[in-house]
Amino acid sequence: MPSRSRDDAGIVVPLRSFTLGKARLAPVLTESERAALARTMAERVVRAAGSLPVAIVSSADEVVTWARARGFDIVDDPGSLDAAARAGRTWAADRGLARYAIVHADLPLAESLAAIAADGAAPVAVIVPDHRDDGTPVLSLPTATPFDFAYGPDSAARHVAEAERRGLTVRIVRDPALAFDVDLADDLAALDALRPTPTP
């Protein structure tokens with residue numbers, strides 16, 4: 001079997017803002033701490049993309065500057081997460097990519113996105129539910145298949161139903177590193193326990 005080109009799949013990261021994000025962490029983190037956390041998590045996510053092309057969906061000056069300095073494509077933020085995902089599909093189609101993955105920017109344990117982006121044009125939806133088995137921090141789809149995104153509470157179940165409606169085979173991936181997103185103070189408290197213990 002021939003090896004795949006690095007451009008068979010792309011990673012789409014919606015990232016509205018560093019400075020205005022994670023408002024629900026305000027009871028435990030200052031604004032500057034929240035911005036630093038958001039940037040650190042985003043760095044982790046884009047490193048996990050490896051050699052795959054990356055598009056950052058944002059209109060925030062600080063995010064655009066950060067993305068441009070790293071050589072990522074930039075897609076204007078259309079105003080909602082569902083619309084950002086649709087814009088990501090358009091970006092992937094315009095680049096001739098067979099597959100794209102919508103990956104949230106708040107995954108502090110992300111190591112690699114290679115496995116969830118490996119299906120190429122196959123009619124497969126790869127869905128990673130979050131650690132609450134509720135949201136969808138990672139969703140990988142073939143670019144050729146239309147898809148109605150439905151982010152928000154219980155989005156994982158809605159995305160499964162939409163994938164099935166579109167005739168896609170659904171693969172649920174229970175990956176603790178990609179499932180753990182940081183939205184609430186409880187998530188920060190749990191994060192240290194979930195980090196791998198360094199080997200001596």
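Here the structure is a predicted model, which means the values were calculated and not measured. Worth knowing before you read on, the calculation uses all heavy atoms, side chains too, and leaves out hydrogens, waters and symmetry mates.
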Enquirer: Kindly determine whether Arg174 and Asp133 satisfy side chain to side chain contact (heavy atoms under 4.5 Å, CB included), including the steps that lead there.
Expert: CA-CA 9 Å; Arg174 304 284 180 181; Asp133 204 25; 2.7 Å; yes
Enquirer: Determine whether Leu107 and Val138 make a side-chain contact, defined as any pair of heavy atoms from C-beta on separated by less than 4.5 Å.
Expert: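 Touching, per the 4.5 Å side-chain cut-off.
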Enquirer: Are the side chains of Leu168 and Pro142 in touch, meaning some heavy atoms are under 4.5 Å apart?
Expert: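 Side chain of Leu168 against side chain of Pro142, heavy atoms only: contact under 4.5 Å found.
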Enquirer: May I ask you to test the Asp181-Arg132 pair for a side-chain heavy-atom distance under 4.5 Å?
Expert: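 When only atoms from C-beta onward are counted, Arg132 and Asp181 do touch, with a gap below 4.5 Å.
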Enquirer: I need the single residue from Asp134, Ile172, Thr136 that forms a side-chain contact (heavy atoms from CB on, under 4.5 Å) with Pro129. Which is it?
Expert: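 It is Ile172, the one option of Asp134, Ile172, Thr136 that forms the side-chain contact (heavy atoms from CB on, under 4.5 Å) with Pro129.
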Enquirer: Can you tell me how far the CZ atom of Arg95 sits from the OG1 atom of Thr90, to the nearest 0.5 Å?
Expert: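 It comes to 14.5 Å.
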Enquirer: Given the rule that I, L, V, M, F, W and Y join up when any side-chain heavy atoms are under 4.5 Å apart, are Ile74 and Tyr100 in one cluster?
Expert: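 Unlinked, Ile74 and Tyr100 end up in two clusters.
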Enquirer: Please name all residues satisfying ring pair (Phe, Tyr, Trp, His ring centres under 6.0 Å) with Phe149, sequence neighbours left out, ordered by chain then number.
Expert: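 For Phe149, the residues satisfying ring pair (Phe, Tyr, Trp, His ring centres under 6.0 Å) (neighbours in sequence not counted) are Phe147.
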Enquirer: If every non-hydrogen atom of Pro108 is compared with every non-hydrogen atom of Asp106, which pair is closest and at what distance?
Expert: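 Smallest interatomic distance, heavy atoms only, reads CD-O, 3.2 Å.
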Enquirer: Would you name the heavy atoms of Ala49 and Ile11 that are closest together and state the gap between them?
Expert: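 What the structure gives for the nearest pair is CB-CG1, 3.9 Å.
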Enquirer: Can you pull the ring-ring contact (aromatic ring centres under 6.0 Å, His included) pairs that have at least one residue in residues 34-58, sequence neighbours excluded?
Expert: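 Those involving residues 34-58 do not exist here.
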Enquirer: Between the side chains of Glu111 and Arg44, is the shortest nitrogen-to-carboxylate-oxygen separation below 4.0 Å, so that they form an ion pair?
Expert: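 Looking at Glu111 together with Arg44, the answer is yes, because their closest N to O distance falls below 4.0 Å.
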Enquirer: Backbone N or O of Val64 within a donor-acceptor pair of the Ser58 side chain at under 3.5 Å?
Expert: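 Such a contact is absent between Ser58 side chain and Val64 backbone.
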Enquirer: Do Ser140 side-chain atoms and Ile116 backbone N/O form a donor-acceptor pair below 3.5 Å?
Expert: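 Yes; judged by distance alone, with no hydrogens or angles, the pair exists.
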Enquirer: Identify the two heavy atoms, one from Leu52 and one from Ala9, that lie closest to each other, and give their separation to 0.1 Å.
Expert: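 Result for this residue pair: CD2-O, 3.6 Å.
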Enquirer: Would you mind reporting whether Thr145 and Leu141 have side-chain heavy atoms less than 4.5 Å apart?
Expert: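 In short, these two side chains do not touch, never coming nearer than 4.5 Å.
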Enquirer: Heavy atoms, side chains only, cut-off 4.5 Å: are Pro146 and Arg89 in contact?
Expert: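 They are in contact (side-chain heavy atoms under 4.5 Å apart), so the answer is yes.
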Enquirer: Does the side chain of Leu37 come within less than 4.5 Å of Met41's, by heavy atoms?
Expert: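 The answer is yes; the side chains approach within 4.5 Å.
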Enquirer: If you measure from CG on Leu113 to CG on Leu178, what distance do you get to the nearest 0.5 Å?
Expert: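 Taking CG in Leu113 and CG in Leu178, the distance rounds to 6.0 Å.
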Enquirer: Looking at every non-hydrogen atom in both residues, tell me the closest pair between Gly120 and Arg99 and how far apart they are.
Expert: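 Looking at all heavy atoms of both residues, the closest pair is O-NE, 2.8 Å.
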Enquirer: Nearest 0.5 Å, please: how far is CG in Asp77 from CD1 in Ile56?
Expert: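 Rounded to the nearest 0.5 Å, the CD1-CG separation comes to 12.0 Å.
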Enquirer: Taking the side chain as C-beta and beyond, is there a heavy-atom pair between Leu81 and His104 under 4.5 Å?
Expert: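 Yes, at least one pair of side-chain atoms sits under 4.5 Å.
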Enquirer: Has Thr19 got a side-chain atom pairing as donor or acceptor with Ala35's backbone, closer than 3.5 angstrom?
Expert: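 Side chain of Thr19 to backbone of Ala35, a donor-acceptor pair under 3.5 Å: no, none is there.
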Enquirer: Mind checking side-chain hydrogen bond (donor to acceptor under 3.5 Å, both in side chains) for Glu164 and listing every partner two or more places apart, or none if nothing turns up?
Expert: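 Testing Glu164 for side-chain hydrogen bond (donor to acceptor under 3.5 Å, both in side chains), a comparison that skips the adjacent residues, returns none.
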Enquirer: Please find the pair of heavy atoms, one from Ala84 and one from Val12, that lie closest to each other, and give the distance.
Expert: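 Heavy atoms only, the tightest pair is O-CG1, 4.5 Å.
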Enquirer: Start with the C-alpha gap between Arg158 and Glu162, add the side-chain angles, then the distance that decides, and say whether salt bridge (Lys or Arg N to Asp or Glu O under 4.0 Å) holds.
Expert: CA-CA 6 Å; Arg158 289 196 300 275; Glu162 171 65 6; over 6 Å; no
Enquirer: What are the two closest heavy atoms between Pro78 and Val57, and how far apart are they?
Expert: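 Between these two residues, the closest heavy atoms are CD-CG1, 3.9 Å.
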Enquirer: Taking only Lys NZ, Arg NE, NH1 and NH2, and the carboxylate oxygens of Asp or Glu, determine whether Glu43 and Arg70 approach each other closer than 4.0 Å.
Expert: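 Between Arg70 and Glu43 there is a salt bridge, with a charged N closer than 4.0 Å to a carboxylate O.
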Enquirer: What is the ring orientation for Tyr151 with His159, classed by angle as parallel under 30°, tilted 30 to 60°, or perpendicular over 60°?
Expert: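 If you compare the ring of Tyr151 with that of His159, the planes turn out perpendicular.
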